[in-house]
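In what follows, a single structure is set out as structure tokens and then discussed.
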There are 2 protein chains.
Amino acid sequence: MLKLSKLTDYATVILSYMVKDQTDLHAAQEISKVTGIAQPTVSKILKLLVKARVLTSIRGAKGGYLLARAPERITVASVINAMEGPIALTECSASHKDCGHTSGCEIQGRWELVNQKILNTLESVTLADMVLPVKQPEEVLIPISRLYK
Amino acid sequence: MLKLSKLTDYATVILSYMVKDQTDLHAAQEISKVTGIAQPTVSKILKLLVKARVLTSIRGAKGGYLLARAPERITVASVINAMEGPIALTECSASHKDCGHTSGCEIQGRWELVNQKILNTLESVTLADMVLPVKQPEEVLIPISRLYK
DNA sequence: TTAAATAGGACTAAAATAGTACTCATTGAA
DNA sequence: TTCAATGAGTACTATTTTAGTCCTATTTAA
Ligand code: FES
Ligand code: FES
């Protein structure tokens with residue numbers, strides 16, 4: 001289905017919440033309460049995001065997590081990468097090394113092309129884009145004549 | 001990892017082979033021999049591709065499979081769709097119906113945006129593109145001044 | 001020192017995927 | 001008309017991946 005893992009989906013829910021008060025520290029437990037995702041799972045996700053430098057953590061009592069940088073600079077690609085590892089449609093897109101189809105290999109280069117296109121797409125969308133209201137206001141076109149009334 | 005299933009990868013290997021002699025009928029067994037993929041697996045894949053109208057089948061002795069249309073008109077998206085079902089990054093991209101995150105739903109609309117972009121990409125690449133030699137000749141840029149020499 | 005956090009890793013359970021097998025239907029040719 | 005080759009359909013099993021939990025160690029404010 002070419003789908004993202006549930007954890008990745010959760011991650012975006014969590015991150016969107018954190019965008020709202022970017023400067024605040026959020027503890028795992030707090031995030032769990034707000035999002036309704038079980039606390040151990042939330043922790044797991046947060047840890048992965050820290051490891052990938054999407055979030056920064058502060059340890060100890062009164063510790064918590066915050067965004068590592070502005071939402072405009074956190075790409076969807078980086079979030080997926082944090083949760084699921086390198087974005088690669090096929091084994092071959094990741095590395096030629098342990099590929100089985102030695103016989104059908106003419107193709108390989110092409111998946112890489114598709115893969116690259118998708119990567120570009122995912123890098124063009126940021127967390128900031130994700131939290132925009134679902135329905136963007138339609139652009140209003142004003143007849144030029146109105147400007148002279 | 002945002003990856004395709006193995007079967008989808010196999011499918012492209014099989015299809016690329018079939019592109020070579022588009023008019024010929026290919027039996028599952030023959031395809032299995034050529035590609036090195038086990039025959040039952042090949043059959044499974046071929047059946048799915050027929051159901052999705054990517055291939056046409058002819059039953060009975062001397063039967064086999066052939067492409068349902070020109071390689072230029074078989075998109076990567078349709079192959080993925082045949083093997084894995086509708087392309088949807090998240091549950092919500094497919095349908096709002098059975099979605100769990102009622103609380104985090106502001107996001108949903110945005111995955112749909114990303115999903116649409118990816119869908120466009122996958123529809124822009126066809127089987128014909130996949131079988132092209134791996135290295136495309138680089139485009140040669142000629143300084144405009146040369147045109148006047 | 002204690003309580004509230006995160007870090008890291010190991011483990012279990014559940015779900016999805018891959019692969020196989022079996023039976024039925026179709027058709028060309030002996 | 002029968003047989004052999006071939007696809008259709010479906011059910012099943014094994015494997016792999018993913019999700020989810022838990023335990024222990026570390027850090028730090030009060
Ligand atoms: S490296 Fe995978 S098909 Fe060649
Ligand atoms: S429909 Fe899935 S988050 Fe709303």
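Atoms considered below: every heavy atom in the structure, side chains included; atoms not considered: hydrogens, waters and symmetry mates. Remember, predicted model here, so these are calculated numbers, not experimental data. Within every chain, numbering begins at 1; the chains are lettered A, B, ... in the order of the sequence lines, protein sequences first and strands thereafter.
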(Q) Any N or O donor-acceptor pair under 3.5 Å from the base of C/dG8 to the side chain of A/K47? (A)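 Yes, a donor-acceptor pair under 3.5 Å.
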Q. With no angle test and no hydrogens, is the base of C/dT27 tied to the side chain of B/R59 by a donor-acceptor pair under 3.5 Å?
A.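 In this structure, the two groups form no donor-acceptor pair.
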Q | First encountered from the 5' end of DNA chain D, between A/A61 and B/H26 | A |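 Going by which nucleotide is closer to the 5' end, it is B/H26.
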Q.
Nearest heavy atom decides the nucleotide; on that basis, is A/T41 or B/A27 closer to the 5' end of DNA chain D?
A.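 Its nearest nucleotide being more 5', the pick is B/A27.
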Q. Any donor and acceptor pair, going by atom type alone, linking the side chain of A/E84 with main-chain N or O of A/L4 inside 3.5 Å?
A.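 No.
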Q: Without swapping roles, check the side chain of A/S32 against the backbone of A/A28 for a donor-acceptor pair under 3.5 Å.
A: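 It does not hold such a pair.
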Distance check needed: [N] [atom2] versus [X] [atom1], whole Å only.
{"X": "A/Y65", "N": "D/dT28", "atom1": "OH", "atom2": "P", "value": "14 Å"}
{"X": "A/L55", "N": "C/dT6", "atom1": "CG", "atom2": "P", "value": "11 Å"}
{"X": "A/E84", "N": "D/dA19", "atom1": "CD", "atom2": "C1'", "value": "13 Å"}
{"X": "A/R53", "N": "C/dA7", "atom1": "CZ", "atom2": "P", "value": "13 Å"}
{"X": "B/Q39", "N": "C/dA21", "atom1": "CD", "atom2": "P", "value": "11 Å"}
{"X": "B/I58", "N": "C/dA29", "atom1": "CD1", "atom2": "P", "value": "13 Å"}
{"X": "B/I45", "N": "C/dT20", "atom1": "CD1", "atom2": "P", "value": "11 Å"}
{"X": "A/D9", "N": "D/dG20", "atom1": "CG", "atom2": "C1'", "value": "16 Å"}

Hey, is the side chain of [X] poking within less than 4.0 Å of OP1 or OP2 on [N], counting only N and O atoms?
{"X": "A/K3", "N": "C/dA15", "result": "no"}
{"X": "A/S57", "N": "C/dA7", "result": "yes"}
{"X": "B/S43", "N": "D/dG7", "result": "no"}

Q. If you look at every strand shown and take non-hydrogen atoms under 4.0 Å, does B/K6 touch a base, only sugar-phosphate, or nothing?
A.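 Sugar-phosphate contact only.
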Q) Contact class for B/K44 (heavy atom, under 4.0 Å): base, sugar-phosphate, or nothing? A)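 Answer is base: heavy atoms of B/K44 come under 4.0 Å of a base.
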Any idea which of [options] is nearest the [X] side chain?
{"X": "B/Y10", "options": "C/dG19, C/dT17, C/dA7", "value": "C/dG19"}
{"X": "A/L7", "options": "D/dC22, C/dA18, D/dA19", "value": "D/dA19"}
{"X": "B/A38", "options": "C/dT6, C/dT20, C/dA18", "value": "C/dT20"}

Q.
If the test is side chain to side chain donor-acceptor pair (under 3.5 Å), which one of A/E123, A/K117, A/Q116 qualifies with A/N120?
A.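 The residue from A/E123, A/K117, A/Q116 that satisfies side chain to side chain donor-acceptor pair (under 3.5 Å) with A/N120 turns out to be A/Q116.
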Q: Answer whether the closest heavy-atom distance between the side chains of A/L2 and B/T8 falls below 4.5 Å.
A: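 Side-chain contact under 4.5 Å: no.
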Q: Could you please spell out the steps behind the side chain to side chain contact (heavy atoms under 4.5 Å, CB included) verdict for B/Y65 and B/L49?
A: CA-CA 10 Å; B/Y65 298 87; B/L49 291 172; over 6 Å; no
